[in-house]
Amino acid sequence: MKIGILTSGGDCPGLNAVIRGAVLKGIAIHGHEFVGFLDGWRGVVEGDIIDLPRTMVRGIAKQGGTILGTSRTNPFDNGGGPEVIKAHMDRLGIDAIIAIGGEGTLAAAKRLTDAGLKIVGVPKTVDNDLDATDYTFGFDTAVQIATEAIDRLRTTGESHHRCMIAEVMGRHVGWIALHAGMAAGAHAILIPEQKVSIEQITQWVKEAHHRGRAPLVVVAEGFIPEHMDGAYSERGLDTFGRPRLGGIADQLVPELEARTGIETRATILGHIQRGGVPSAFDRVLATRLGMAAIDSIMQSKWGTMVALKGTEIKHVNFHEALGQLKTVPQQRYDEAAVLFG
């Protein structure tokens, strides 16, 4: 069997480990042949591939990014669609596709599977927002990177007696902010799942300052203060029609300075959370998911993705993962809020 692999959407640590796990198991156990589609769905729509022999994946599990490249191409735009993709697969002799990506990638994979293409998915997102899986690879690494960065902000904040605001990724969920904020000992954690007033944030900052601390606030990019109707976005939409988030930390700075009188600085961590080498946890999880994707193909589980349930890898339907976002439950936030102020 000849299998095509693609990585689509935002890059994240662990993508190469998935590719390696799938290729090594597919070749060693089943004698499959592998090719990689270049730059995500663009390569699928245009039939742009490279061979993936065993030597190509040697030692790549520890590398960040993706050896196949990625993009935010929508496979139904720019001359794409199931008929075009099927024609390329037939021409190239490709029997099935492993699509590695997040919500947008898997939603596109579901539509193509519904149209008759043979596709299985591997969930990927640093945001950890995909339902039907306990964790996605890339999340652990992003939290580690964010925590280290916030630790550094704390020392400079204490030196200058400033309030420091760190903005992390997460889109419309607050998993990175919650975990990194708790790990770094933040005095306030602001996430999309919780509406919080400027007055409440001000109180937390003042409480920390009165104890002689340099207040530290961690905010998720999708956080919506009580006085705003939606997440802050000034960069338009991506190719899947979703708003590009980022910049809420800069909006909070003048508000907090005016209310507290404390010099306040914001740092937006941005893409450094997605770059670099994956953590050990993410390397292992990504490898296991890549190997499990081969099982999905061998069992003809088209329209499914592999998922982590507890410590076991399971196969779940795309619709289970795409029905709703996996948000931070109230209990987890209440747990963290005990430490605020």
Side-chain angles (χ1 to χ4, degrees), residues 127-129 142-143 146-147 149-151 153-154 156-158 160-236 242-270 273 324-341:
D127 305 327
N128 199 40
D129 61 354
V143 170
T147 300
I150 296 166
D151 285 345
L153 290 177
R154 177 187 288 281
T156 188
E158 289 175 344
H160 292 270
H161 314 293
R162 290 171 176 159
C163 172
M164 305 299 288
I165 304 176
E167 180 181 314
V168 300
M169 287 182 165
R171 291 197 57 78
H172 299 293
V173 302
W175 289 109
I176 295 178
L178 181 75
H179 282 235
M182 288 187 72
H187 299 110
I189 300 173
L190 311 176
I191 63 176
E193 294 89 341
Q194 298 288 329
K195 284 277 192 178
V196 180
S197 66
I198 293 296
E199 290 73 22
Q200 177 62 78
I201 303 169
T202 299
Q203 180 182 334
W204 286 328
V205 168
K206 284 183 174 180
E207 287 175 358
H209 187 254
H210 288 161
R211 296 199 318 275
R213 305 300 304 279
L216 174 62
V217 178
V218 176
V219 59
E221 62 184 356
F223 169 65
I224 308 172
E226 273 191 352
H227 68 279
M228 292 176 59
D229 295 326
Y232 183 77
S233 173
E234 61 177 5
R235 296 181 295 161
R242 301 172 304 184
R244 293 188 174 96
L245 305 180
I248 185 61
D250 289 328
Q251 304 304 305
L252 293 174
V253 167
E255 297 281 353
L256 290 180
E257 277 195 340
R259 287 170 167 77
T260 66
I262 304 170
E263 186 178 8
T264 303
R265 294 287 186 271
T267 298
I268 300 174
L269 301 185
Q273 296 161 89
Q324 61 182 3
L325 292 178
K326 183 179 66 186
T327 56
V328 174
Q330 186 67 45
Q331 179 184 0
R332 288 295 308 275
Y333 188 76
D334 291 342
E335 198 175 64
V338 173
L339 309 172
F340 295 174

Main-chain N/O of Ala184 paired with Arg154 side-chain donor or acceptor, under 3.5 Å: yes

Test side chain to side chain contact (heavy atoms under 4.5 Å, CB included) applied to Ile224 - qualifying residues, sequence neighbours left out: Lys195, Met228, Ala231

Identify the heavy atoms of Ala336 and Ile189 that sit nearest to each other, and give their distance. CB-CD1, 4.4 Å

Enumerate the ring pair (Phe, Tyr, Trp, His ring centres under 6.0 Å) contacts for residues 183-205, please, sequence neighbours excluded, ordered by first and then second residue. Trp204-Phe340

Name all residues meeting the salt bridge (Lys or Arg N to Asp or Glu O under 4.0 Å) criterion together with Glu255; count only those two or more places apart in sequence or in a different chain, and write none if there are none. Arg259

Partner set under salt bridge (Lys or Arg N to Asp or Glu O under 4.0 Å) for Glu263, not counting sequence neighbours: Arg162, Arg265

With a sphere of 6.0 Å drawn around CD of Gln331, does it hold more than 12 non-hydrogen atoms of other residues, nucleotides or ligands? no

dist Ile248:CD1 -> Glu167:CD (nearest 0.5 Å) comes out at 7.5 Å

Those residues at least two apart in sequence (or on a different chain) that pass side-chain hydrogen bond (donor to acceptor under 3.5 Å, both in side chains) with Glu193 are none

Set of residues satisfying side chain to side chain contact (heavy atoms under 4.5 Å, CB included) with respect to Ala266, sequence neighbours excluded: Ile165, Ala249, Asp250, Val253

Taking atom CE of Met164 and atom OG1 of Thr156, what is their separation to the nearest 0.5 Å? 5.5 Å

State which residues pass side chain to side chain contact (heavy atoms under 4.5 Å, CB included) with Ala142; sequence neighbours excluded, sorted by chain then number. Val126, Ile176, Gln273

Pairs touching residues 205-216 that satisfy salt bridge (charged side-chain N to carboxylate O under 4.0 Å, His left out), sequence neighbours left out: Glu158-Arg213

Could you tell me the separation between the CG atom of Leu245 and the CE atom of Met169, rounded to the nearest 0.5 Å? 10.0 Å

Nearest non-hydrogen partners of Ala146 and Val168, listed with the distance: CB-CG1, 4.1 Å

Closest heavy-atom pair, Pro192 versus Ala220, reported as atoms and distance to 0.1 Å, is CD-CB, 3.7 Å

Salt bridge (charged side-chain N to carboxylate O under 4.0 Å, His left out) contacts touching residues 216-228 (sequence neighbours left out): none

Once you round to the nearest 0.5 Å, how far does CD1 of Ile201 lie from OG1 of Thr260? 11.5 Å

What are the two closest non-hydrogen atoms of Val205 and Pro215, and how far apart are they? O-CG, 3.4 Å

Return the CG to CD1 distance between Leu252 and Ile198, rounded to the nearest 0.5 Å. 5.5 Å

Closest approach of Phe223 and Ile191, non-hydrogen atoms and distance? CD1-O, 3.3 Å

Kindly state each residue pair satisfying salt bridge (charged side-chain N to carboxylate O under 4.0 Å, His left out) with at least one member in residues 332-341, sequence neighbours excluded. Arg332-Glu335

Are Leu190 and Pro225 side-chain neighbours, meaning at least one heavy-atom pair lies under 4.5 Å? no

Gly174 to Val328 - nearest heavy-atom pair and separation: C-CG2, 3.7 Å

Backbone N/O of Leu178 and side chain of Tyr333: donor-acceptor pair under 3.5 Å: no

